[in-house]
2 protein chains.
Amino acid sequence: MRLTTKGRYAVTAMLDLALHSDQGPVSLSDISNRQGISLSYLEQLFSKLRKSVLVTSVRGPGGGYRLSRLKEDIFVAQIVDAVNESVDATGCSGRSDCQGGTTCLTHYLWCDLSDQIHDFLNQISLAQLVAREDVRQVAERQSIESQQTCVDDKINAAIIG
Amino acid sequence: MRLTTKGRYAVTAMLDLALHSDQGPVSLSDISNRQGISLSYLEQLFSKLRKSVLVTSVRGPGGGYRLSRLKEDIFVAQIVDAVNESVDATGCSGRSDCQGGTTCLTHYLWCDLSDQIHDFLNQISLAQLVAREDVRQVAERQSIESQQTCVDDKINAAIIG
DNA sequence: ATTTACCCGACTATTTTAGTAGGTTATTCC
DNA sequence: GGAATAACCTACTAAAATAGTCGGGTAAAT
Ligand code: FES
Ligand code: FES
């Protein structure tokens with residue numbers, strides 16, 4: 001089982017998308033600014049999210065990404081699965097063969113754990129996350145900060161130009 | 001969060017120890033033979049398990065390792081914690097600072113997940129695992145195989161000698 | 001004294017992660 | 001039409017973690 005920044009970034013980016021989904025397509029550079037994730041890295045992640053049909057893209061100016069279905073119908077487990085290979089805790093990917101072709105002593109334990117994690121993450125939708133008070137607070141702070149950054153950029157542009 | 005062969009090996013080895021705990025100290029080479037884990041690697045893992053006081057060692061011929069307390073009082077989470085740094089799903093180790101010193105959007109989600117995993121693994125004792133039918137079956141098969149290996153070794157020794 | 005088996009530190013190949021670089025294609029606004 | 005925008009794509013890379021190996025110790029039993 002692996003849950004690293006790859007999966008965490010993907011969920012964070014999707015949540016950002018859900019938070020701003022009412023304002024039309026969201027560009028990756030917006031997400032990059034708000035969430036502090038490298039733009040190139042986001043592109044890689046969204047390539048996978050698009051292949052798993054969790055998002056749809058709109059090209060050209062004013063374009064970006066959109067959730068491909070309702071916030072209520074996208075679950076955290078699906079996002080992690082899309083970028084990580086899976087939330088699988090076994091060493092055999094369910095094949096029961098990690099000890100030279102045969103089942104190891106702890107195979108069933110890791111199967112149970114995998115189910116546990118999957119059930120948990122599969123019952124949390126983006127809509128639920130958006131509704132959480134703690135999430136809203138962080139989102140509001142980021143909104144203020146990114147506006148500030150936007151103003152800073154304009155000042156810098158004015159100085160340079 | 002990371003759960004790789006390191007943690008899985010540790011739990012497997014401890015379970016092997018629990019299964020043979022009535023026969024006096026169990027040597028690492030026995031565990032290595034039965035579970036197909038490299039001896040040198042087992043030594044590294046048991047060094048950590050010993051520092052976490054999950055096992056006690058007996059040196060010299062006939063020596064090996066013993067569980068430092070009852071099977072009922074050793075839980076999977078403790079074993080994984082001893083060799084892995086922890087079953088922590090956050091990127092900030094609970095410090096709430098993974099986005100340049102501030103809390104990221106998904107911090108609370110990963111905290112919840114960590115709790116979920118920890119609660120699950122912390123309620124499973126070695127005694128419970130030993131009692132499971134699926135575990136007993138694998139253990140029995142390994143017991144037969146390792147006896148066969150033992151006979152093979154004697155035959156090889158006889159041929160060489 | 002010798003064997004057994006734990007103990008310890010350093011070293012290494014492989015894999016994964018996290019990120020960079022540099023370009024191409026589609027769309028919109030002027 | 002042309003410039004700007006932003007998705008799309010491939011390949012490369014530095015750093016870290018994993019999964020070991022190797023070589024020598026030290027304590028205890030026969
Ligand atoms: S984890 Fe499935 S056989 Fe070992
Ligand atoms: S995971 Fe804790 S702040 Fe991001």
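Residue numbers start from 1 in every chain, and the chains themselves are labelled A, B, ... in the order their sequence lines are given, proteins ahead of strands. Since the model is a prediction, treat every value here as computed from it, not as a measurement.
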Which whole-number value in Å describes the distance from A:L3 CG to C:dT16 P?
17 Å
If I take atom CG in residue B:L49 and atom P in nucleotide C:dC7, what distance separates them, rounded to the nearest angstrom?
11 Å
Short side-chain N/O contact to C:dT16 OP1/OP2 from A:T4, under 4.0 Å:
no
Does CD belonging to A:E140 count more than 12 external heavy atoms closer than 6.0 Å?
no
At under 4.0 Å between heavy atoms, what does B:S57 touch on the DNA or RNA strands: base, sugar-phosphate, or nothing?
sugar-phosphate
Applying a 4.0 Å non-hydrogen cut-off, can you work out what A:T5 is touching in the nucleic acid: base, sugar-phosphate, or nothing?
sugar-phosphate
Regarding A:Y9, tell me which of base, sugar-phosphate or nothing describes its non-hydrogen contacts under 4.0 Å with the strands shown.
sugar-phosphate
Under 4.0 Å: is that the gap between some side-chain N or O of B:S47 and OP1 or OP2 of C:dC7?
no
Please assess A:C104 against B:V138 for the test side-chain contact (heavy atoms from CB on, under 4.5 Å), listing each intermediate value before the final yes or no.
CA-CA 7 Å; A:C104 75; B:V138 174; over 6 Å; no
Nearest-nucleotide wise, let me know which of B:P61 and A:G64 is further upstream toward the 5' end of DNA chain D.
A:G64
With DNA chain C as reference, determine whether B:L28 or A:G7 sits nearer its 5' end, using the nearest nucleotide of each.
B:L28
Just the rounded figure in Å: distance from P of D:dA19 to CG of B:L42.
13 Å
Separation of atom CD in B:Q44 from atom C1' in C:dC8, rounded to whole Å:
10 Å
Mind running salt bridge (Lys or Arg N to Asp or Glu O under 4.0 Å) on A:D112 and B:R132 for me, showing each step along the way?
CA-CA 13 Å; A:D112 289 355; B:R132 282 174 66 151; 3.2 Å; yes
Can any side-chain N or O of A:T12 pair as donor or acceptor with the backbone N or O of A:R8 at less than 3.5 Å?
yes
d(OH, A:Y41; P, C:dT17) in whole Å:
8 Å
Between CZ of B:R59 and P of C:dC7 the distance, given in whole Å, is 6 Å
Just say parallel, tilted or perpendicular for the rings of A:Y41 and A:Y9, cut-offs at 30° and 60°.
perpendicular
Nearest-Å distance for atom pair CZ/P, residues B:R50 and C:dC6
11 Å
Once you apply a heavy-atom cut-off of 4.0 Å, does B:Y65 come out as touching a base, just sugar-phosphate, or nothing?
sugar-phosphate
Protein-nucleotide distance (A:E43, atom CD; C:dA21, atom P), rounded to Å:
13 Å
